[in-house]
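For reference, the structure discussed in these notes is given below.
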Amino acid sequence: MKRIVFFMMLAASMAVIMCCSAEDPFEEYYDNGNSSWNNGGNTNNGGGSSATTGELASFDVAIDKMTAEPTEVATGYFPDEEDVLSEDDFTTEVAIDLSSPVAKTENGVEVTVSGGHVTANHGSVKKVCYVLSGTTTNGSFTVVGEKKYAVRLNGVSITNPDSAALNLLSGKRAYIIINGGTTNTLADGTGGSQKGALYCKGKLLFNGTGELSVTGNTNNGIHSADYIVFNQGNNIYVKSTANHGIKANDGVFINGGILNVEVSAAAAKGINCESNIIVNGGRTTVLTTGNGTYDSDDKEAKGSAGIKADSAFTINGGELWLKSTGSGGKGINVDMEAVFNGGSVYVVTTGGQYSSNGDTSSPKGIRADGNININGGRIWVRTNGKNGEGIETKSTMTITGGEVASYAYDDAINSKSTMTISGGYVYAHGKNNDGLDANGNCYIKGGTVYAICSGTPEVAIDANTEGGYKLYVEGGTIVAVGGLENGSSLTQSCYQASSWSASTWYALTIGSSTLAFQTPSSGGNGIVVSAASQPTLQSGVTVSGGTSCFGGLALLNGSVSGGSSVSLSSYSGGSGMGGNPGGGFGGPGGWR
């Protein structure tokens, strides 16, 4: 019940703003009807030198087959118009009862039986729909043929100890229709060399509103040698104890449905694709528990991942819930570009770094070799294990909208090259390192940024000064607990308070707009703030109304009362700030 209530609360706050205006830097990101914020009862799961509270520190990810799928979706993506089931009419039905299969020739379809194993060959016959029912604990269903076809699951349970349970060997499109109100199960054993408990040589297209459970004990749960499309209404659970949950060669496209995946093998991926992955709707939950392993062929250490795309990853709508508990585990791992346009992404990793043969695999919430572009939606990331970074790109990071909140063991948000923030709401809390860390230039041009570092010598917002790069503050609203990188270019004026109180509500006011924020229980020295005009800062305030952000760590445009004024002085850049947070040397947020 607790998680269902959390889902409802999150679903009520998904409206997206693309950027902040100078006139109203806290224009509402949500329209959730919150009237107040109560911080009581939250659990602090943070570790290291800087910790916080709130939902970002305590939310969890669990398999959920019961909560209705989200209603807000983006336009579905189909690589080919033929992939849409409504465009086809499979009127030639062939019924097969796996409890007592019978060999027959019907409507030009030849059905052969060997024990509990059934093979159907529709040759060049069009519009064939196989309707499966019954139960077998030592059987299978195999399809061959030269035309596209449908398989309707109508309360069928197939276990094949020796190979795939559903073996779709035709290279043509296979439409899997899960009849509403039915429960269907597919499982393989450990006696064969099959690629999946459900294997498809061609395109694999899921439709229908019934339930399907697939268990892979030899290799993958579901495997397509082409691409896979999931659609609204699907309720699919996939488990693999030997390899990946879902594997596709040419693409995975999630247009809707409820998709739950669990994998436990070393370095296994919940959803693994050699091409692109696009999420447009539905709720996808992935749990990986396997530790890292050393790949002797590729000569590198590898970890598990909730989602692994060898090409690009894009989310336009829907929800992703990802959790990895093994060493070196990741939420999302992308070889090319990752684009976040909408929807919601929640990632938790708890494992530490995996090391073997001189190579390592570090835990990451979201990792991409290519650019990461965040244009909208919500992203929450928490990493607890050693060396775990929240969001990392090996190229450039660009944030133009949405809500991004990362609470990480290491750097919260990291880019190997340029980082640019021009809109949206960004929370970056590095428990043992920097909040925002760009290894090239870092540009803050707009949006609202709340960054926290662990303490000296780290800083809340870092750029690679040693490499000749620089932090450029050109716009936006900024709160930086721990200061800014030395040598910063501050086109927009910045101000500092040399000390701060831990676990305290502050209010930053710019004109008629207010950002209330809760400080961490520990963190870097001093606070730096910046806005389009000179702000005022109050400490120890009480806030009501407004809109909650970052899991309750900030409140936008609430009513502020009480508190005391904080003296702000002009800030010219650099992390060498006087004073200690928490009121004393070595106190909360002080030197460790």
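Heavy atoms only: backbone and side chains are in, while hydrogens, waters and symmetry mates are out. Residues: numbered from 1 along the sequence shown.
- Contact check on Lys203 versus Asp226 returns a salt bridge, with a Lys/Arg side-chain nitrogen under 4.0 Å from an Asp/Glu carboxylate oxygen.
- Side chains of Thr185 and Ser157: a donor on one and an acceptor on the other come within 3.5 Å.
- Within the 4.5 Å cutoff, no side-chain heavy atoms of Asn167 are placed close to those of Ser140.
- Among Val286, Val345, Ile379, the single residue meeting the side-chain contact (heavy atoms from CB on, under 4.5 Å) criterion with Ile332 is Val345.
- Electrostatic pairing of Lys127 and Asp89 does not count as a salt bridge here, judged by no charged N lying under 4.0 Å from a carboxylate O.
- Taking each heavy atom of Gly390 and Ala408 in turn, the nearest pair found is N-CB, 3.4 Å.
- For the pair Val128 and Lys147, the minimum side-chain heavy-atom distance is 4.5 Å or more.
- Minimum heavy-atom separation, Ser395 to Asn371: OG-OD1, 2.6 Å.
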Run the salt bridge (charged side-chain N to carboxylate O under 4.0 Å, His left out) test on Glu69 and Arg283 for me, step by step, so that the C-alpha distance in whole Å, both residues' side-chain angles and the decisive distance to 0.1 Å come before the verdict. CA-CA 6 Å; Glu69 71 173 282; Arg283 186 181 68 254; over 6 Å; no

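- Residues Ser264 and Thr241 share a closest heavy-atom pair of OG-CA, 3.5 Å.
- Rounding to the nearest 0.5 angstrom, the gap separating the NZ atom in Lys104 from the OG1 atom in Thr112 is 12.5 Å.
- In this pair, His122 and Tyr130 present their aromatic rings tilted. The plane angle is within the 30 to 60° band.
- Note on Glu262 versus Lys239: no salt bridge recorded, every NZ/NE/NH1/NH2 to OD/OE distance being 4.0 Å or above.
- In the model, Glu337 has a side-chain atom that pairs as donor or acceptor with a side-chain atom of Asn373 under 3.5 Å.
- Across all non-hydrogen atoms, the minimal contact from Ala312 to Asn276 is N-OD1, 3.0 Å.
- Using a 4.5 Å heavy-atom threshold, the side chains of Ser275 and Tyr227 count as separate.
- When each of Asn280, Asn375, Thr75, Asn255 is paired with Asn316, the side chain to side chain donor-acceptor pair (under 3.5 Å) condition holds for Asn280 and for no other.
- Because its NZ or CZ atom is both nearer than 6.0 Å to the ring centre of Phe59 and within 45° of the ring axis, Arg382 counts as a cation-pi partner of that residue.
- One finds no salt bridge joining Asp297 and Lys299 here, because no Lys/Arg side-chain nitrogen approaches an Asp/Glu carboxylate oxygen to under 4.0 Å.
- Side-chain contact between Leu198 and Asn220 is absent, with no heavy atoms from C-beta onward closer than 4.5 Å.
- Using a 4.5 Å heavy-atom threshold, the side chains of Lys416 and Met397 count as separate.
- Thr135 and Ser99 form no side-chain donor-acceptor contact under 3.5 Å, judged by distance and modelled atom types alone.
- Side-chain contact, Ser362 with Gln353: a donor N or O sits under 3.5 Å from an acceptor N or O.
- Annotation: side chain of Ile278 is not in contact with side chain of Ile254 (no heavy-atom distance under 4.5 Å).
- No side-chain heavy atom of Asn107 sits under 4.5 Å from any side-chain heavy atom of Val125.
- A donor and an acceptor atom, one from each side chain of Ser224 and Lys201, are nowhere located under 3.5 Å apart.
- Side-chain contact between Tyr427 and Ser406: absent, with no pair of heavy atoms (C-beta onward) separated by less than 4.5 Å.
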Might you work through the side-chain contact (heavy atoms from CB on, under 4.5 Å) test for Thr159 and Asn138, ending with a clear yes or no? CA-CA 6 Å; Thr159 299; Asn138 188 9; over 6 Å; no

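- Checking Asn154 against Thr182 by side-chain atom types alone, no donor-acceptor pair falls below 3.5 Å.
- Looking at Asp188 and Gln194, their side chains do bring a donor and an acceptor atom within 3.5 Å of each other.
- With Trp380 as reference, Tyr346 is the one residue of Tyr407, Tyr346, Phe340 to meet the ring pair (Phe, Tyr, Trp, His ring centres under 6.0 Å) rule.
- Using a cut-off of 4.0 Å between Lys/Arg side-chain N and Asp/Glu carboxylate O, Glu211 and Lys65 are scored as not salt-bridged.
- Aromatic ring centres of Tyr175 and Phe206: separated by at least 6.0 Å.
- Salt bridge annotation for Glu146-Lys172: absent, with no cationic side-chain nitrogen under 4.0 angstrom from a carboxylate oxygen.
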